[in-house]
Amino acid sequence: YQLLYMRGVPAYAAVSETVEQVRAQVGPGPTSLVNAVLRQVDRNGDGLEHFPDFDADPLAFLESWGSHPRWLLERWLTRWKPDDVRRLVEADNRRPGTYLLPLGTDALEGAATLEAAGLHAEAVGEGTGSLRLGEGVTPAAALAALPRTVVQDPATSLVSRYADVPRGTKVADLCAAPGGKVLAVADRPVYTLAADRSESRLLMVKENARRVGVPLGLVVADARHPPLRGVDVILLDAPCSGTGTLARRPDARWRLEPESVRELVEVQRDMLRASAEVLGEGGLLVYSTCSLETEENEEQIEAFLTSHREFRIEATDAVPSRYLDSAGQLSVTPQGSGFDGAFAARLRKVG
């Protein structure tokens, strides 16, 4: 990285320091090889001519140049054209922007408040209500100038808007940490409960709620065994593979395995079943993930509706139609939006 992208580090220093780190960690054995490889990298650079040809072998190109695991690319290439997957990989490899969601005010007013404090930000638009911070503006500085704000990618803001929580209801967020989604909708309910199985993460929700001045009920609880009954609205931001947020978690792509998705699908299924049991008649269940995988999203909802005939998908016009699929579910992809990836389904209990 120093050789290819950090122009302020002289090549001899980058090579020498790395060789010495290898020597200190594993001994002198591989130092000659490391030295030779790094000097070759310094001479040859990182041009596309060093990688497989995209048109001839898109999988090999995206695996090597794109630095993504082969199994994940194979999944994506069965769903999207190679050019679309390339745009997704490029989105994953870019440094993501920093976004805020102002609470109690719109994005233009929030941007004006920040500009008055000498902090540049721009309204994102696209029905998100979000702001993108300018270069060099830190979240800490922005939150100090605009306290009633949460740090949140526009895709997450779209999930909150898609939830379209009715006013005057009792709402429970069963996987609430760090609290962005539940705080974004907390101006509508008469009571809001935030639950999470991790006490330390629930403390993050508590601190964020205190900072923005939003009252929440808080409880440490496992979403597979929610300690409540007869709730009007349940928000279930389920644990997932997170393949829509790989730009923000570059290491996650290498920690994921194919079986990870299968294991998570089982957890999500258990959470959906438990949510259905505690939701009141006529209630609304909003299931969401930051995954791009169909098993965690569309297929998960299809299986749920098959086994729970009392539910149906209820569409909403609270978000632009471009983010809705033919069934009325929210579907946001990095290659299509420039944001993180997100999925959500509004499920109404009608029987």
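Worth knowing before you read on, the calculation uses all heavy atoms, side chains too, and leaves out hydrogens, waters and symmetry mates.
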Verify the cluster assignment for [X] and [Y]: are they in a single hydrophobic cluster under the rule of side-chain heavy atoms below 4.5 Å apart?
X	Y	answer
Leu59	Trp65	yes
Val231	Leu285	yes
Val150	Val205	yes
Val219	Leu279	yes

Does the side chain of [X] come under 3.5 Å of the side chain of [Y] through a donor N or O and an acceptor N or O?
X	Y	value
Thr169	Asp232	no
Asn297	Thr289	yes
Glu298	Gln329	no
Asn44	His50	no

Considering non-hydrogen atoms only, spot the tightest contact between [X] and [Y] and give its length.
X	Y	result
Ser288	Lys181	OG-CE, 4.0 Å
Tyr191	Gly217	OH-CA, 3.4 Å
Ser241	Leu264	N-CD1, 3.3 Å
Arg224	Ala274	O-CB, 3.4 Å

Next on the checklist: By the definition side chain to side chain contact (heavy atoms under 4.5 Å, CB included), identify the one residue from Thr138, Val212, Thr149 that meets it with Leu143.
Outcome noted: Thr149

Item to check | Set of residues satisfying side chain to side chain contact (heavy atoms under 4.5 Å, CB included) with respect to Glu126, sequence neighbours excluded | outcome: Thr128, Arg322, Tyr323, Phe339

Checklist entry - Who passes side chain to side chain contact (heavy atoms under 4.5 Å, CB included) against Ala14, sequence neighbours left out? => result Gln2, Leu3, Val9

Checklist entry - Would Glu90 and Arg87 count as a salt bridge (charged side-chain N to carboxylate O under 4.0 Å, His left out) if you check the C-alpha gap in whole Å, the side-chain angles of each, and the deciding distance to 0.1 Å? => result CA-CA 5 Å; Glu90 289 171 347; Arg87 284 193 290 272; over 6 Å; no

Item to check | With sequence neighbours excluded, residues passing ring pair (Phe, Tyr, Trp, His ring centres under 6.0 Å) with Phe54 | outcome: Phe61

Euclidean distance, [Y] [atom2] relative to [X] [atom1], rounded to 0.5 Å:
X	Y	atom1	atom2	value
Gln300	Cys240	CD	SG	11.5 Å
Ile313	Phe304	CD1	CZ	10.5 Å
Arg197	Leu202	CZ	CG	13.0 Å
Arg211	Leu103	CZ	CG	8.0 Å
Ser275	Phe311	OG	CZ	8.5 Å
Ile301	Arg346	CD1	CZ	13.0 Å

Might you confirm whether atom [atom1] of [X] has over 12 heavy atoms from other residues, nucleotides or ligands at distances under 6.0 Å?
X	atom1	result
Asp251	CG	yes
Glu115	CD	yes
Gln25	CD	no
Arg188	CZ	yes
Glu199	CD	no

Checklist entry - Going through the checks in order, is the salt bridge (charged side-chain N to carboxylate O under 4.0 Å, His left out) test met by Arg132 and Glu122? => result CA-CA 5 Å; Arg132 178 173 180 140; Glu122 295 180 347; over 6 Å; no

Checklist entry - Run the salt bridge (charged side-chain N to carboxylate O under 4.0 Å, His left out) check on Lys81 and Asp83 step by step: do they pass? => result CA-CA 5 Å; Lys81 296 177 181 179; Asp83 285 337; over 6 Å; no

